[in-house]
Structure formats: C-alpha cells, structure tokens
Amino acid sequence: MSLPIIKVHWLNESRAFRVLWLLDELNIDYEIIPYKRDKGFRAPDELKNIHPLGRSPLIEIVDRESGKQKILAESGYIFQYILQHFDKDHKLNNADPDKAEEIQYYLHYVEGSLQPPLMIEFILSKVEQAPIPFPLSYLARKITAKISEGYSRGELANQLNFIEQELLKNDGYLVGGQLSAADILISFPLEMAFIRNFAKEEDYPNIRKFTKNMKSLESHKTAKGKASAVGGKF
C-alpha cells in the first residue's frame with residue numbers, strides 16, 4: 001500500500017523544522033509548502049487558509065486513491081500521528097510498550113512543560129530589546145526582570161535539570177538509550193535555550209552533548225538542506 005501525499009506547511013525560523021527532520025529520519029517523501037514571517041515576526045495570514053489558527057507546522061495528508069485530505073496541527077500530535085501511521089518498524093518509536101509510552105509522554109511534555117517558560121523568557125527578552133524611551137524602558141526592564149526571576153527563569157532551570165538527569169540515565173537519549181521521535185522534538189527548544197542565553201551550556205553538559213550529537217545526524221543535515229532551499233536560515 002503506497003503512502004499518502006504529505007505536504008508540510010512550513011514557516012521559516014520556526015519549530016516546523018522538526019517535522020522535516022522526523023520525516024527524513026524515517027525516509028518518508030514529502031513536499032514543503034513554504035511561508036515567511038511578516039515584519040512583526042508573525043506567521044502570514046495565508047496559513048489561516050490551511051487551518052483557522054494560522055500556525056505552523058501544519059501537515060496535509062492526501063490519500064492517493066480517494067483524494068481525501070487531512071490537516072494535522074500541533075507538533076506533538078503531528079509526531080504522534082506520524083509514528084502511529086508511518087513508523088511500522090519502530091525506528092523512532094519503540095517495540096517495548098512501556099518505552100513507547102515514555103516516548104508518548106515526552107511528545108506532550110516538550111510543548112506542555114518545557115516550551116512555556118522558554119516562550120515567556122523569549123517574550124520578556126523582546127520587551128528588553130524594544131525601542132522604548134527612557135524612563136519607561138527602565139521600568140519595563142525592571143518588570144520583565146521580576147517576572148523572569150519570579151517564574152520563568154526558575155521554572156526553566158527546573159525543566160533543564162530534569163532533562164539533564166534523564167539524558168544521563170538513558171545513555172544520552174530520553175528513552176531506552178536509543179534515538180526516538182522524542183529526541184527530535186525536544187532538541188530544538190534545548191538548542192534555543194543556549195542560543196538565546198536563557199541557560200549556560202557549561203551548566204548542562206549532558207544536554208550540550210545531546211544537542212551536538214543530534215545536529216550531527218544525517219537526517220538533520222538533509223532536512224536543513226531542504227529547508228535552506230526554500231528560504232530557511234540557520
């Protein structure tokens with residue numbers, strides 16, 4: 001039975017890259033439909049023609065025989081769907097049911113627990129960079145510093161400490177000492193935490209090694225090449 005047509009509605013400079021990477025690791029053919037952020041770093045309105053929320057990634061699944069179409073949204077659900085329907089050999093899932101459940105947990109954990117404090121830190125950093133005249137700029141930075149100190153910075157450290165120990169226990173991966181879809185999904189926010197200086201690499205040697213190893217995968221290089229060809233910047 002042939003696989004359906006898979007189209008990835010991909011937004012530049014976004015977490016949608018992980019879907020390309022997942023599909024390439026599974027050797028699944030797909031088409032990229034590229035979109036570019038506007039001047040306010042927002043997704044363009046054209047994405048709302050695909051899904052009402054207008055966010056990326058979005059996956060379009062088209063049955064080759066019937067033409068029936070599905071639109072999948074939300075990174076964790078997209079990963080879950082791809083594993084369930086296209087990873088029959090358990091390359092990025094796990095044949096052990098208990099390990100497979102752990103992978104499913106992480107597909108929810110990444111967006112539900114790890115991403116929120118990272119996003120808050122990102123928004124607060126944008127406030128600090130905004131062209132606000134003095135003395136309002138001074139007050140704004142004081143407020144953002146208090147929010148960061150009182151919640152997001154400490155919560156992010158809590159999440160990173162947890163991941164650091166999980167990688168240590170699992171031989172450099174999240175589940176069972178081997179590569180899984182969970183590793184691909186989590187790698188981007190971990191890398192962003194270092195790139196945006198929300199965390200120091202020297203404080204998390206296991207995460208630092210993990211992100212380096214993940215970027216060395218051939219599937220990462222392949223997906224990066226495809227994204228670069230349609231305007232991706234890395």
Side-chain angles (χ1 to χ4, degrees), residues 1-88 91-93 103-116 118-119 122-123 180-192 214 217 219-234:
M1 184 177 177
S2 61
L3 292 177
I5 298 169
I6 300 176
K7 300 179 182 181
V8 181
H9 294 267
W10 170 87
L11 180 65
N12 70 313
E13 297 184 62
S14 78
R15 289 173 280 168
F17 172 76
R18 296 174 297 181
V19 176
L20 309 185
W21 184 2
L22 176 75
L23 292 169
D24 276 311
E25 181 63 33
L26 291 173
N27 295 312
I28 296 173
D29 291 331
Y30 60 90
E31 176 186 352
I32 300 176
I33 310 296
Y35 301 81
K36 290 187 177 181
R37 293 184 181 275
D38 61 24
K39 292 181 180 179
F41 205 67
R42 300 290 297 173
D45 289 339
E46 288 84 353
L47 270 171
K48 291 184 179 179
N49 296 330
I50 310 302
H51 188 280
L53 293 178
R55 301 179 64 188
S56 178
L58 297 172
I59 302 296
E60 186 177 348
I61 308 286
V62 183
D63 186 274
R64 293 181 185 273
E65 296 181 2
S66 67
K68 184 178 179 181
Q69 177 197 62
K70 289 182 180 180
I71 300 295
L72 309 180
E74 300 297 337
S75 297
Y77 176 67
I78 290 170
F79 269 57
Q80 180 179 310
Y81 184 95
I82 290 172
L83 288 182
Q84 180 181 349
H85 293 274
F86 305 134
D87 188 15
K88 302 303 182 182
K91 182 178 181 181
L92 293 178
N93 203 351
I103 292 170
Q104 291 294 318
Y105 160 74
Y106 279 114
L107 297 185
H108 293 278
Y109 164 83
V110 172
E111 298 294 309
S113 294
L114 176 59
Q115 194 62 46
L118 269 172
M119 182 58 68
F122 175 69
I123 293 171
S180 74
D183 298 307
I184 292 176
L185 192 66
I186 206 171
S187 62
F188 183 86
L190 294 179
E191 187 178 0
M192 287 300 102
M214 294 297 290
L217 292 174
S219 56
H220 182 279
K221 298 174 184 176
T222 300
K224 184 177 177 180
K226 292 178 182 178
S228 296
V230 292
K233 296 180 180 180
F234 298 88

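Positions are given from 1 along the sequence.
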Is any side-chain heavy atom of [X] closer than 4.5 Å to a side-chain heavy atom of [Y]?
X	Y	value
K226	D24	yes
R15	M192	no
V110	S75	no
L107	L185	yes
P57	I78	yes
L83	I103	yes
I61	L72	yes
L190	L114	yes

Are the side chain of [X] and the backbone N or O of [Y] linked by a donor-acceptor pair below 3.5 Å?
X	Y	value
R64	L3	yes
D87	L92	yes
S187	I184	yes
K88	Q84	yes
D183	S180	yes
K91	E25	yes
S56	H9	yes

Atom pair [atom1] ([X]) and [atom2] ([Y]), whose distance is rounded to the nearest 0.5 Å:
X	Y	atom1	atom2	result
I50	R55	CD1	CZ	16.0 Å
S14	F188	OG	CZ	7.0 Å
K224	S219	NZ	OG	13.0 Å
N93	F79	CG	CZ	12.5 Å
I186	Q115	CD1	CD	10.5 Å

Salt bridge or not for D63 and K70, using N-O below 4.0 Å?
no
Looking only at non-hydrogen atoms, find the nearest pair between [X] and [Y] and report the distance.
X	Y	value
M214	W21	O-CZ2, 3.4 Å
E46	Y35	CB-CE2, 4.0 Å
I6	D29	CB-O, 4.0 Å
A16	W10	CB-CD1, 3.7 Å
A227	I32	N-CD1, 4.4 Å
I71	E60	CD1-CG, 3.7 Å

If the plane angle is over 60° it's perpendicular, under 30° parallel, otherwise tilted; pick one for [X] and [Y].
X	Y	answer
Y81	F86	perpendicular
F122	F41	tilted
Y109	Y106	perpendicular

**Report entry** Stepwise side chain to side chain contact (heavy atoms under 4.5 Å, CB included) test for K7 and I5
**Finding:** CA-CA 7 Å; K7 300 179 182 181; I5 298 169; 4.1 Å; yes
Taking CZ in R42 as the centre, count heavy atoms belonging to other residues, nucleotides or ligands within less than 6.0 Å. Is the count above 12?
no
Side chain to side chain contact (heavy atoms under 4.5 Å, CB included) between V19 and I59: does it pass, once the steps are laid out?
CA-CA 9 Å; V19 176; I59 302 296; 3.3 Å; yes
Q. Given the rule in the salt bridge (Lys or Arg N to Asp or Glu O under 4.0 Å) test, do R18 and E111 qualify, once you have shown the distances and angles that lead to the verdict?
A. CA-CA 13 Å; R18 296 174 297 181; E111 298 294 309; 3.1 Å; yes
request  = Might you work through the ring pair (Phe, Tyr, Trp, His ring centres under 6.0 Å) test for F17 and H220, ending with a clear yes or no?
outcome  = CA-CA 9 Å; F17 172 76; H220 182 279; 5.2 Å; yes
- Task: Before giving the answer on salt bridge (Lys or Arg N to Asp or Glu O under 4.0 Å), spell out for E13 and R37 the whole-Å C-alpha distance, their side-chain angles and the decisive distance to 0.1 Å.
- Result: CA-CA 8 Å; E13 297 184 62; R37 293 184 181 275; 5.9 Å; no
